[in-house]
Amino acid sequence: MSDASETGGKNFIRGIIADDLSSGRHDRIVTRFPPEPSGQLHIGHATPICLNFGIAAENPGAVCHLRFDDTNPVTEEAAFVEGIQQDIRWLGFDWGDHLHFTSDYFEALYGFALQLIEGGHAFVCDLDSEQIAERRGNLTEPGVESPSRGRSPIESRDLFQRMRAGEFESGSRVLRAKIDMASPNLTLRDPVLYRIQRETPHHRTQKEWCLYPLYDFAHSLSDALEGVTHSLCSGEFYERRPLYNWMIEHVKVPSKPRQIEFARVNLSYTLLSKRRLKQLVEDGSVDGWDDPRMPTLAGLRRRGVPPAAIRNFCQEIGMTPGEGGRSRTVELGVLEHAIREELNEHAPRVMGVLDPLKLVIENLPEGEVDELECANHPNRPELGTRRVPFSRELFIERADFMEDPPKKFFRLAPGREVRLRYAYFVTCTGVVKDGDEIVEVRCRYDPATRGGDAPDGRKVKATLHWVSAAHARLAEVRLYETLFTVEDPDAGGDDGDFRSHLNPESLVRLADARVEPSLAEAEVGATFQFERQGYFCLDPRSTPERLVFNRSVTLRDTWARVSKKAGG
RNA sequence: UGGGGCGUCGCCAAAUCGGUAAGGCAGCGGCCUUUGAAGCCGCCAUUUGCAGGUUCGAGUCCUGCCGCCCCAACCA
């Protein structure tokens, strides 16, 4: 697969842009990614990020603005502004000098509101939120007009200026567009444009404003102010498009952007609602926004997922129209495949034993150490080799030995010969048990097979990974499963109880793992393939005394499927 | 129930003016293998929610059903 950032991936939006360019409608494309700094970005945001920044990267002269849509102080925090920028950079994108904030436009937007008022298109409404809701009507009945609706532009303007001046209490008055209370599109029933909010200071403008614009007004007009040509958003905004266009038509704006909706992406076994992810963080169900089980970009990063895997994933799943709020649920396997594909190519191979079982080589004297040459990547010799110590006492994976193996198990068992990777053939001569528990496997090795090949050409059916007991480093290895046990943890929406589907085994800590000594020098964030096990990433909280590895993703495991099938 | 949108393989998704169902993931067989990994080869929709109609020809047009989704924050 080629890299998504280079080829982009054809889709209906790129088609529209190509047409707009060839028809001369635009000669320079401007897109924007407009996160609200009220939480961390997640995998669902990756698609629009790749789309918007990708389009900017592939069209000469095009740019993608990063604009923080910070119009609601009560949910927003400066910390998220920082985190979001870090995530986007990590994903591989850059906004140049186009870092913007809707709050930068508060004055301009205020002026637009005045224009609307003076043109008779907006009025100050004295109703409170409850009264407004009562009069909005419902799906089948039209709404009723506000008593304030007939107010003169002069009076509305005066009131609006006094709202700004802080003369009124929060919630006591709003500015509303004058559109159509009977519209079947509820969004057009005199929508609220500005609210008063005096209690919570804004993270950038502090107490400068006690008036804050709402989404439909602020977003469309900010796009216009920035000269955005294509305003791409998810399908849930489809029915607001008429309102988006209404703003642009009723205000003197420097440019007229076009809103296009795409179908939102969901992932199976995953929750992608910012509100609910926030709950998991706040109630301690996970260890912060960057918990490796979280679908956040920060979580995926800590888990060891390479950004290129996410870009490729986005390209792989494509982009489809979002009319009517369409969304799609992609199987987790597609993401895992993209991760494996990337890691298989780039992750150096090492040996690590997750669940150690001692193996003693009877015909190798104590104290003797053999340094064996191991390939860092069998398919890429240019990545070189490293030396790994081999000695009389080793650890192998407990799951690689069975005293009484079933038919299709071809790893180590009494009397059987296997290869220790890059080392020697060993034959099991017996076991030492403590009650029912196997505490040690005894073997003899064949010195003629050094490196892993038998000069007489004999074959073995299995190759095992191992570490030298005396040389291995102790490590904690964290295995992750899905955070939820059901495909759609968000089923039922607000009536559903997503917490009841939390997977109690989403994190398993193996505190007694042993890894080869070369890993002592690993850098935080580096990802390795533990041969035959999976891909593991050194956690930021790792210390030289106690290495901590996160499992990014397992290797495909045919044996697991075979044994499961056989075992019923 | 008012309005709107959508239904192509288990999941995602292609298919210019109607011209005879891409691809990816998953799955299944086999080859290869010093990772039961990776790689390689092959199989995997006579059929596009259903029923009719127009046409030489329909996933693409028409009609009628069926199903699913979105919209009633001073959130974004």
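The chains referred to below are lettered A, B, ... by the order of the sequence lines, with proteins before strands, and numbering in each begins at 1.
- Cation-pi contact between A:Arg349 and A:Phe528: absent, since separation from the ring centre below 6.0 Å together with deviation from the ring axis within 45° is not met.
- Atom CD of A:Glu316 is separated from atom P of B:rC12 by 14 Å (rounded to the nearest Å).
- Residues forming a side-chain hydrogen bond (donor to acceptor under 3.5 Å, both in side chains) with A:Asn376 (at least two apart in sequence, or on another chain): A:Arg386.
- Put simply, the side chain of A:Arg411 and the base of B:rG36 share a donor and an acceptor less than 3.5 Å apart.
- Residues of residues 171-187 of chain A having a heavy atom closer than 4.0 Å to RNA chain B, listed by number: A:Gly171, A:Val174, A:Pro184, A:Leu186.
- A centroid separation of less than 6.0 Å is found between the aromatic rings of A:Tyr445 and A:Tyr424.
- When rounded to the nearest whole Å, the span between CG of A:Asp128 and P of B:rA73 equals 14 Å.
- In terms of polar N and O atoms assigned as donor or acceptor, the side chain of A:Glu331 comes within less than 3.5 Å of the base of B:rG10 in a complementary pairing.
- Remark: aromatic rings of A:Phe390 and A:Tyr422 are distant, center separation not under 6.0 Å.
- At a threshold of 4.0 angstrom between heavy atoms, the contacts of A:Lys408 include nucleobase atoms, whether or not backbone atoms are also involved.
- For the pair A:Arg204 and A:Phe101, the cation sits on the ring face: its NZ or CZ lies under 6.0 Å from the ring centre, inside 45° of the axis.
- The base of B:rU35 lies outside donor-acceptor range of the side chain of A:Gln533, with no N or O pair under 3.5 Å.
- To the nearest whole angstrom, the two C1' atoms, one in B:rC44 and one in B:rG10, are 12 Å apart.
- Remark: P of B:rC71 and CZ of A:Arg326 are 16 Å apart, rounded to the nearest angstrom.
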Quick one: the dot-bracket string of RNA chain B, using Watson-Crick and G-U wobble pairs with both distances under 3.5 Å, [ ] for crossing pairs and | for bases paired to another strand. .((((((..(((......[...))).(((((.......))))).....(((((..]....))))))))))).....
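- Syn is the conformation of B:rA73, whose glycosidic angle sits no further than 90° from 0.
- Proximity note for A:Val334 (side chain, C-beta onward) versus B:rA76, B:rG27, B:rG24: the nearest is B:rG24.
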